[in-house]
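Working notes, beginning with the structure itself.
Numbers for residues simply follow the sequence, beginning at 1. Computation of the quantities below employed the complete heavy-atom set of this structure, encompassing side-chain atoms and omitting hydrogens, waters and symmetry-equivalent molecules.
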Amino acid sequence: MTASPYEDAPTWPAEFAARYRAAGHWRGETFTSVLRERAEAHGDRVALIDPAPERRAWTYRELDERAARLAAGFRARGIARGDRVVVQLPNIAEFAEVVFALFRIGALPVYALPAHRETEIGYFCSFAEAVAYVIPDQHAGFDHRALATAVREQAPTLKHVFVVGDPGGHTALADVPCDAAGAPEDGPEPHDLAFLQLSGGTTGVPKLIPRTHDDYIYSLRGSNEICGVDADTRFLVLLPAAHNFPMSSPGWLGTLYAGGTVVLCPRPDPATAFPVIERERVTMTGMVPPLALVWTDAAASAEQDLSSLELILVGGAKYSETAARRLEPALGCRLMQVFGMAEGLVNYTRLDDDYETIVGTQGRPISEDDEIRIVDDAGQDVPDGRFGHLLTRGPYTIRGYWRAPEHNRTAFTEDGFYRTGDIVRRTASGHLVVEGRAKDQINRGGEKIAPEEVENIILAHPSVHDVSVVGVADPYLGERTLAYVILREGAEPPGALAVKRHVRAHGIAAYKVPDLVEFVDVFPQTGIGKISKKGLRTDAAPASASTPPAQN
């Protein structure tokens with residue numbers, strides 16, 4: 001077995017853990033115990049629907065049994081408690097089967113997105129010392145088996161590649177499950193790590209976020225109470241299931257916790273999702289602002305019956321008030337804004353909030369024990385109504401990234417507050433209004449991009465002397481990426497398309513390829529000679545609102 005992950009994950013001080021248990025936030029549950037209890041209580045209720053390509057519906061009992069058999073198969077192949085397994089699956093039923101099997105063992109899923117490519121996956125497997133990697137055979141025209149072959153050469157700990165579908169030269173996931181009878185019950189404790197999520201990051205590849213069973217399940221329970229999730233909820237998973245938002249706000253894990261039904265959607269576009277809503281009588285879903293705009297525009301001409309929809313949650317990026325006002329009339333359901341982060345803190349507007357609060361704020365925290373500080377550049381608290389830097393700590397906000405002691409010293413205060421990097425103000429009612437990001441991280445329609453990662457790739461182009469990547473305002477995505485490029489002396493301009501092709505050729509997720517490329521002679525500088533990204537953003541003209549972004 002590889003080195004224990006638990007000693008590498010900063011945790012809550014004992015006095016805080018005792019407080020959260022005494023308050024009833026942490027109830028000693030694990031994901032394995034939750035699924036077993038739901039299977040015993042209402043085993044014949046449908047837990048999961050995968051509508052494509054042929055409709056599959058699994059009951060709670062079937063999901064629990066599938067997870068148990070797959071866990072036994074994983075154990076038989078040497079995967080043990082504490083091992084890390086990179087999971088890169090699209091929105092298919094096997095995603096839930098795999099992660100609940102890993103939960104049962106006490107192995108840790110490392111959630112990768114379908115869009116990630118060799119640069120990111122190679123890093124995840126190497127840094128996490130992953131023993132296994134779970135993929136589809138092909139997804140969205142991309143062959144993940146070839147990617148897995150390349151990654152195995154970079155990650156010496158990677159022993160297994162499990163494939164949903166045709167395995168090629170790897171192992172078919174369908175061949176892994178075995179008889180679960182008599183399998184050892186050596187799964188995790190409630191305070192143990194449940195999985196590792198990916199941070200958005202501002203410096204290169206993402207950091208790993210350690211989440212425990214206790215803290216994450218509390219966030220599910222709190223989200224369910226706020227959003228009204230119960231056994232009758234039919235939640236549509238539009239965004240990649242590995243994202244924190246569709247997983248826990250309240251998401252597919254929150255829906256399973258409540259005994260409801262999760263409906264997976266292969267693509268989020270209206271042409272795909274609207275028929276699924278009509279057929280499966282979906283009641284709730286969550287989406288990022290760009291998708292909400294698309295749905296709002298498409299609803300007027302929709303032929304499908306969307307009347308089952310009761311609530312749409314919009315989060316992942318700032319939702320403009322103008323767009324928020326259009327959603328309810330267009331789609332005929334309630335809107336709830338969500339503002340949160342995979343590191344912990346989640347804010348919701350409430351069902352009983354007045355309309356102006358719902359469209360004009362990004363909500364207030366889940367928990368009475370979510371501590372919020374809003375401070376100025378000197379770290380001093382600012383009064384309500386003033387914008388400042390958001391700091392937070394609480395019963396489901398981590399106390400440090402996994403194996404990142406140097407970064408943790410700057411990302412967290414000495415007394416455990418997480419520096420989120422967001423600029424917000426707090427209203428008299430306790431709701432937060434988000435102004436933007438203090439960090440350089442670019443939020444492209446909910447997908448987080450670290451400029452440094454893209455800049456390093458562009459710098460490798462033989463014609464490039466220097467580059468600075470910034471986010472520019474975009475009414476559709478919130479931000480698009482703009483790469484300012486200074487050429488080497490005497491070099492012929494390669495053209496914007498050639499720069500994009502160069503980035504794409506380095507095996508990076510498509511959403512990180514710059515939307516725009518401009519060639520300049522110099523960058524604006526700060527008073528001490530550093531590149532002024534603020535100046536670059538100011539110089540950039542906002543992207544046109546007339547058309548959605550082209551695919552890179």
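- Applying the side chain to side chain donor-acceptor pair (under 3.5 Å) criterion to Glu189, with sequence neighbours excluded, gives no partner residue.
- In this structure, the side chains of Leu173 and Leu70 come closer than 4.5 Å at one or more pairs of heavy atoms.
- At least one donor-acceptor pair closer than 3.5 Å links the side chain of Ser223 to the backbone N or O of Ser219.
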Derivation and outcome, side chain to side chain contact (heavy atoms under 4.5 Å, CB included), residues Val485 and His461: CA-CA 11 Å; Val485 177; His461 192 287; over 6 Å; no
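- Without hydrogens or angle criteria, His502 side chain to Ile457 main chain gives a donor-acceptor distance under 3.5 Å.
- Under a 3.5 Å cut-off, the side chain of Glu479 and the backbone N or O of Asn443 do form a donor-acceptor pair.
- Phe195 and Tyr216 have perpendicular rings, their planes meeting at more than 60° on a 0 to 90° scale where under 30° would count as parallel.
- Using a 30° and 60° split on the angle between ring planes, Tyr123 and Phe127 fall in the parallel class, below 30°.
- Side-chain contact between Pro494 and Phe519 is present, with at least one heavy-atom pair separated by less than 4.5 Å.
- Trp252 contributes a side-chain N or O that, together with a main-chain N or O of Ala241, makes up a donor-acceptor pair within less than 3.5 Å.
- A salt bridge links Lys512 to Glu120: at least one charged side-chain nitrogen sits closer than 4.0 Å to a carboxylate oxygen.
- Judged as a side chain to side chain donor-acceptor pair (under 3.5 Å), and not counting sequence neighbours, the contacts of Asp143 are Arg145.
- Distance check, rounded to the nearest 0.5 Å: CD1 of Ile79 to NE2 of His160 gives 5.0 Å.
- Distance CG/Leu391 to CG/Asp422: 10.5 Å, rounded to 0.5 Å.
- Counting only heavy atoms from C-beta outward, the side chains of His191 and Thr212 never approach each other to under 4.5 Å.
- With Thr481 contributing its side chain and Arg444 its backbone, the two residues share no donor-acceptor pair below 3.5 Å.
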CA sep, side-chain torsions, deciding dist, call: Ile398, Tyr418, side chain to side chain contact (heavy atoms under 4.5 Å, CB included): CA-CA 8 Å; Ile398 64 169; Tyr418 170 55; 5.8 Å; no
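- With hydrogens and angles ignored, the 3.5 Å screen pairs a side-chain donor or acceptor of Thr285 with a backbone N or O of Leu236.
- Ring planes of Phe162 and Phe74: tilted class, angle from 30 to 60°.
- The structure places CD1 of Ile209 at 10.0 Å from CE of Met341, a figure rounded to the nearest 0.5 Å.
- Under the 30°/60° scheme for interplanar angles, the aromatic rings of Phe100 and Phe31 are found to stand perpendicular.
- Asn347 places a side-chain N or O within 3.5 Å of a backbone atom of Phe339 that can act as its donor or acceptor partner.
- Residues Leu253 and Ser248 are not in side-chain contact: their nearest non-hydrogen atoms beyond the backbone lie 4.5 Å or more apart.
- Salt bridge absent: Arg75 and Asp83 never bring a charged side-chain N and a carboxylate O closer than 4.0 Å.
- Close placement of the Phe124 and His116 rings is indicated, their centers lying within 6.0 Å of each other.
- Going from atom CE of Met284 over to atom CD1 of Ile277 covers 13.0 Å, rounded to the nearest 0.5 Å.
- Contact detail for Ile105 and Pro188: the closest heavy-atom pair is C-CD, 4.4 Å.
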Chi angles and distances behind the side chain to side chain contact (heavy atoms under 4.5 Å, CB included) call for Trp295, Leu238: CA-CA 12 Å; Trp295 277 39; Leu238 291 169; 3.5 Å; yes
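- Without hydrogens or angle criteria, Arg211 side chain to Ala194 main chain gives no donor-acceptor distance under 3.5 Å.
- Using a 4.0 Å cut-off between charged side-chain N and carboxylate O, Glu343 and Lys207 make no salt bridge.
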CA sep, side-chain torsions, deciding dist, call: Val87, Leu102, side chain to side chain contact (heavy atoms under 4.5 Å, CB included): CA-CA 10 Å; Val87 179; Leu102 296 172; 4.0 Å; yes
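- Distance OG1/Thr149 to NE2/His144: 13.0 Å, rounded to 0.5 Å.
- The minimum heavy-atom distance between Pro90 and Pro114, with the atom names listed, is CA-CG, 4.0 Å.
- Heavy-atom minimum distance, Val314 versus Ala292: CG2-CB, 4.1 Å.
- A heavy-atom distance below 4.5 Å is not found between the side chains of Pro266 and Asn91.
- At least one side-chain heavy atom of Leu63 sits under 4.5 Å from a side-chain heavy atom of Leu256.
- For the pair Leu345 and Tyr396, the minimum side-chain heavy-atom distance is below 4.5 Å.
- Phe245 and Met287 make their closest contact through CE2-O, 3.3 Å (heavy atoms, listed as atom of the first residue, atom of the second, distance).
- Under the 3.5 Å distance criterion, the side-chain polar atoms of Arg84 are matched with a main-chain donor or acceptor of Ala128.
- Asp515 has no carboxylate O lying under 4.0 Å from a charged side-chain N of Arg480, or vice versa, which leaves the two without a salt bridge.
- Taking CD1 of Ile458 as the reference point, atom OG of Ser468 lies at 9.5 Å (rounded to 0.5 Å).
- Of all heavy-atom pairs between Thr30 and Ile217, the closest is C-CD1, 3.7 Å.
- One finds a salt bridge joining Arg409 and Glu406 here, because a Lys/Arg side-chain nitrogen approaches an Asp/Glu carboxylate oxygen to under 4.0 Å.
- When every heavy atom of Ala112 is checked against every heavy atom of Leu198, the shortest pair comes out as CA-CD1, 4.1 Å.
- Within the 4.5 Å cutoff, the side chain of Leu147 has no heavy atoms near those of the Ile135 side chain.
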